[in-house]
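Structure first, then comments.
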There are 2 protein chains.
Amino acid sequence: MPDEPAAPAKRKRTRIQREKEEIILEAALEVFALYGFRGSTIDQVAEQAGMSKPNLLYYFPNKEAIHRVLIDRLLDTWLDPLREMNPQGDPRSEIRSYIRRKLEMARDYPRESKLFANEILQGAPRIQEELQDLRMLVDEKVEVLRGWMREGKLARVDPYHLIFSIWAVTQHYADFDTQVRAVLGPRRDGPGRFEDAARYLDRLFTEGLKP
Amino acid sequence: MPDEPAAPAKRKRTRIQREKEEIILEAALEVFALYGFRGSTIDQVAEQAGMSKPNLLYYFPNKEAIHRVLIDRLLDTWLDPLREMNPQGDPRSEIRSYIRRKLEMARDYPRESKLFANEILQGAPRIQEELQDLRMLVDEKVEVLRGWMREGKLARVDPYHLIFSIWAVTQHYADFDTQVRAVLGPRRDGPGRFEDAARYLDRLFTEGLKP
DNA sequence: TGTAGTCTTTACCAATCGGTCAATTTTTTA
DNA sequence: TAAAAAATTGACCGATTGGTAAAGACTACA
């Protein structure tokens, strides 16, 4: 009796529902990435999605539910590059691949990166739980890094801060994109900046982490 | 005749004006850093400042004026560490000092860092002009770095991305503070994380930038 | 101490916010 | 094709937004 009329979440979804939900999520990603949760309005998302506000609220019960789905999807794929780091591989080559993958994500999914950045900047009020999963994954990979260091295959550095630095330098190109492009200027700016970044970071981490 | 009653900006400021303006700016920094410009409300700032909204608006004409002053002050001091990089000094030691100073700013002025991050994330709509100043300063320092590379005192890497990486790894500890602390966990977290970071980054950049 | 100028507050405004409702239109299905 | 279900809309709600008007309270100084 209670959950029949308003939100078509439990019932089997129709074609239109699937399509419109994707359109809404796509629009919401655009808006939330730019203004954060509090700074964004349902009206903005609705206009971006090309539909009326009540129509949008026919598919999602409220603003937070949209944000929730975006965050969940994001975290699902966001951590894949780290999960893929292979304990059996060559340490510095694994780290190099990790950096490359993270850089590709910054290039291909900048809005997802900004969405995450906005959430963390605001104290991560809606993803406390997910941060615990993240912590467990990092702890696991920190042990891998420590193993490599013990085997003498990697410089003995703080593994946590090693991971932080990789996150920082890669996500920077998505989150601070505006600044990067302003500094590079119209002459130097262009798609090639990601390749330049990859080349530089390769060198920095390969040389910087030699045992 | 026109600017007498509302905003006491042009006249010589009284003691109370100076004091209250500082209280307001301090409160606004707290709020804006957390929610960004659009996500923050005058009421929030007023409550944080311990005064009524109309009282706050007696000192500043509107929300944007407060933000403007904060941004101007911030940028003034934010770039000092880069300005201090001395062309006559030893390259890798100068870079090391630059990283240390930036890390100290992330530790001591995290709200300023977040305020800036919020502004850039949202496409820097209110600081286009200042980004041009930043660009000039970076261009100048890029020439210094290139000189060092030509002298064989520094690895030949892309100087722009070198600077980006330093910004990224240092500001990360202010902007993504929530994530850093969540990952480190209550056991490892503490004031010492900045020293650990400094040690790690020292090593990474010193070794990574050897000619 | 009086008063001019400064400061603060209450009450209020129009616009926008997140969200609901009822009625209508479109699509699916029997 | 007709009825049932799903989708869409305009009108609307109370709360909150940025900001104002005007009157009262406080301060500095003659």
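Every chain is numbered from 1 and lettered A, B, ... according to where its sequence line falls, protein lines coming before strand lines.
What separates CD of Glu19(B) from P of dT6(C) is a distance of 16 Å, to the nearest Å. Between Lys20(A) atom NZ and dA6(D) atom C1' there is a gap of 11 Å when expressed in whole angstrom units. We find that CG of Leu57(A) is positioned 15 Å from P of dA7(D), with the value rounded to whole Å. Atom C1' of nucleotide dG18(D) and atom NE2 of His67(B) are separated by 16 Å, given to the nearest angstrom. Nucleotide dG18(C) holds its P atom 13 Å from the CD atom of Glu47(A), rounded to whole Å. The distance from atom CZ of Phe60(B) to atom P of dT20(D) is 15 Å, rounded to the nearest whole Å. Note: CG (Asn55(B)) to P (dG19(D)) measures 16 Å, nearest angstrom. The interatomic distance linking Tyr58(A) (OH) with dT8(D) (P) rounds to 8 Å, in whole Å.
Take the nearest nucleotide of DNA chain C for Pro54(B) and for Asn62(A): the residue whose nucleotide is more 5' is Pro54(B).
Expressed to the nearest 0.5 Å, how far CZ of Phe60(B) lies from NE2 of His67(B) amounts to 13.0 Å.
For the 3.5 Å distance criterion, the side chains of Asn86(B) and Tyr98(B) fail to qualify, holding no donor opposite an acceptor.
Taking the ring centre of Phe37(A) as origin, the terminal cationic atom of Arg126(A) falls inside the region bounded by 6.0 Å and 45° from the ring axis.
Contact of Lys63(B) with dG19(D) (side chain to base): no donor-acceptor pair of N or O atoms is detected under 3.5 Å.
At the heavy-atom level, Lys53(B) lies under 4.0 Å from base atoms of the strands shown. At a threshold of 4.0 angstrom between heavy atoms, the contacts of Thr41(B) are confined to the sugar-phosphate backbone, with no base atom among them.
A donor-acceptor pair under 3.5 Å is absent between the side-chain atoms of Asp158(A) and the main chain of Tyr200(B), judged by distance alone. Formation of a donor-acceptor pair under 3.5 Å by the Lys141(A) side chain with backbone atoms of Met136(A) is not found in this model.
Neither OP1 nor OP2 of dA6(D) sits under 4.0 Å from any side-chain N or O of Tyr59(A). Contact between the side-chain N/O atoms of Ser52(A) and the OP1/OP2 oxygens of dT9(D) is found at a separation under 4.0 Å. Between Gln17(B) and dT6(C), a side-chain N or O to OP1/OP2 separation shorter than 4.0 Å is absent.
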